[in-house]
2 protein chains.
Amino acid sequence: MSKVPQSSSVTDAPLDEGQAGEMAHVLAALADPVRLRMLSFIAARHEVCSCDLEAPLERSQPTVSHHTKVLADAGLIIGEKRGRWTWWRLDPDRLAAVRRALGG
Amino acid sequence: MSKVPQSSSVTDAPLDEGQAGEMAHVLAALADPVRLRMLSFIAARHEVCSCDLEAPLERSQPTVSHHTKVLADAGLIIGEKRGRWTWWRLDPDRLAAVRRALGG
DNA sequence: ACTATAGATCGATGATTGTCAATCTATAAT
DNA sequence: ATTATAGATTGACAATCATCGATCTATAGT
């Protein structure tokens with residue numbers, strides 16, 4: 001039998017530092033109210049450009065850009081540049097993976 | 001029909017600031033490698049006292065106490081004092097609620 | 001009473017983080 | 001070419017946080 005990379009869950013077994021570090025990284029991206037709302041806005045429609053996020057989030061353009069970067073680095077959203085705009089969409093698989101990592 | 005308090009998920013609909021704040025609070029408790037390992041240790045056995053966490057986590061007693069408090073304040077673990085020891089156990093419902101809040 | 005132990009709390013410190021103004025880059029429109 | 005716009009980057013600042021030594025509280029054992 002070949003070894004399959006086993007993504008571990010918190011309730012499964014004691015986590016080692018590597019697993020805990022990776023999980024903490026994604027969870028940290030989620031652990032901010034502005035980013036959670038941002039994520040929910042992006043999930044609501046199928047694509048959202050950065051410029052449409054400033055008003056509902058009541059944050060400046062650099063702050064919005066900062067938060068999209070954090071979510072994208074965590075793999076939770078995917079950005080595509082088209083013309084002057086960057087369009088963001090959710091990566092549902094990534095969110096599902098986080099859910100799984102939280103046991104269940 | 002009576003209104004049932006609807007705990008919202010990120011992928012459901014745009015979150016308001018209140019919902020996002022609550023979710024961020026619990027997620028922040030999870031977004032730390034030491035606390036994630038702590039949680040996995042507690043989940044592994046059914047009850048763990050604080051003193052048994054210092055060695056595997058390689059952290060001082062005050063640091064361990066700090067982290068147990070953060071997890072307890074977030075409702076993820078429940079502590080019970082018996083004699084000189086505080087025994088910690090997982091609250092599985094709370095963790096399930098977080099999973100649900102992450103869409104699903 | 002005295003000693004030892006579990007753990008909470010306080011205070012300090014270094015690191016990380018959310019925020020914005022200013023600037024820079026790139027694309028589109030005239 | 002010039003102008004306007006989307007958004008990334010930089011730098012600065014205040015706030016939050018993880019960590020630990022020292023101290024305090026409470027319980028158990030002798």
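By convention in this document, chain letters (A, B, ...) are assigned in the order of the sequence lines, proteins followed by strands, and residues within each chain are numbered from 1. Worth knowing before you read on, the calculation uses all heavy atoms, side chains too, and leaves out hydrogens, waters and symmetry mates.
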*Write down the distance between CD (Q61(B)) and C1' (dT9(C)), rounded to a whole number of angstrom.*
10 Å
_Rounding to an integer number of Å, can you tell me how far E17(B) CD sits from dG18(C) P?_
16 Å
*To the nearest angstrom, how far is D73(B) atom CG from dT16(D) atom P?*
16 Å
_Between L53(A) and M38(A), is there a side-chain heavy-atom distance shorter than 4.5 Å?_
yes
*asked:* Measuring from atom CD of E22(B) to atom OG of S8(B), what distance do you get when rounded to the nearest 0.5 angstrom?
replied: 8.0 Å
*Within the structure shown, what part of the strands sits under 4.0 Å from V64(A) by heavy-atom distance: base, sugar-phosphate, or nothing?*
nothing
*K69(A) vs S60(B), nearer the 5' end of DNA chain D by closest nucleotide*: K69(A)
*Which part of the nucleic acid, if any, lies within contact of R35(B), taking any heavy atom under 4.0 Å across all strands shown: a base, the sugar-phosphate backbone alone, or nothing?*
sugar-phosphate
*Flag for T68(B)-W88(B): side-chain donor and acceptor within less than 3.5 Å*: no
_side chain to side chain contact (heavy atoms under 4.5 Å, CB included) evaluation trace for H66(B) with R59(B)_ = CA-CA 11 Å; H66(B) 165 69; R59(B) 290 297 184 286; over 6 Å; no
*H66(A) has an atom NE2; how far is it from atom P of dG18(C), in whole Å?*
5 Å
*Which sits closer to the 5' end of DNA chain C, D32(A) or G83(A), going by the nucleotide each is nearest to?*
D32(A)
*Verify side chain to side chain contact (heavy atoms under 4.5 Å, CB included) between W85(A) and S50(A), making sure each step is shown before the conclusion.*
CA-CA 7 Å; W85(A) 295 272; S50(A) 302; over 6 Å; no
*Separation of dG18(C) P from L36(A) CG (nearest whole Å)*: 12 Å
*Consider the side chain of S65(A), meaning its heavy atoms from C-beta on, and name the nucleotide among dC20(C), dA22(D), dT9(D) that approaches it most closely.*
dT9(D)
Might you list the N or O atoms of the protein lying below 3.5 Å from N or O atoms in nucleotides 1-6 of chain C, with each pair's distance?
residue, atom, partner, partner atom, Å
dT5(C), O4', R84(B), NH1, 3.3
dA6(C), O4', R84(B), O, 3.3
dA6(C), O3', R84(B), O, 3.3

_Side-chain N or O of R59(B) closer than 4.0 Å to phosphate OP1/OP2 of dA18(D)_ = no
*asked:* Nearest whole Å is fine: how far is dA8(D) P from W87(A) CH2?
replied: 13 Å
*Would you say T11(A) and L90(B) make side-chain contact, with heavy atoms under 4.5 Å?*
yes
*Once you round it to whole Å, what is the distance between C1' of dT9(C) and NE2 of H67(B)?*
16 Å
_Check this for me: does any side-chain nitrogen of one of E47(A) and R45(A) sit under 4.0 Å from a carboxylate oxygen of the other?_
no
_On the nucleotide dC20(C), are OP1 or OP2 found under 4.0 Å from the side-chain N or O atoms that T63(A) carries?_
yes
*Once you round it to whole Å, what is the distance between P of dA26(C) and NZ of K81(A)?*
8 Å
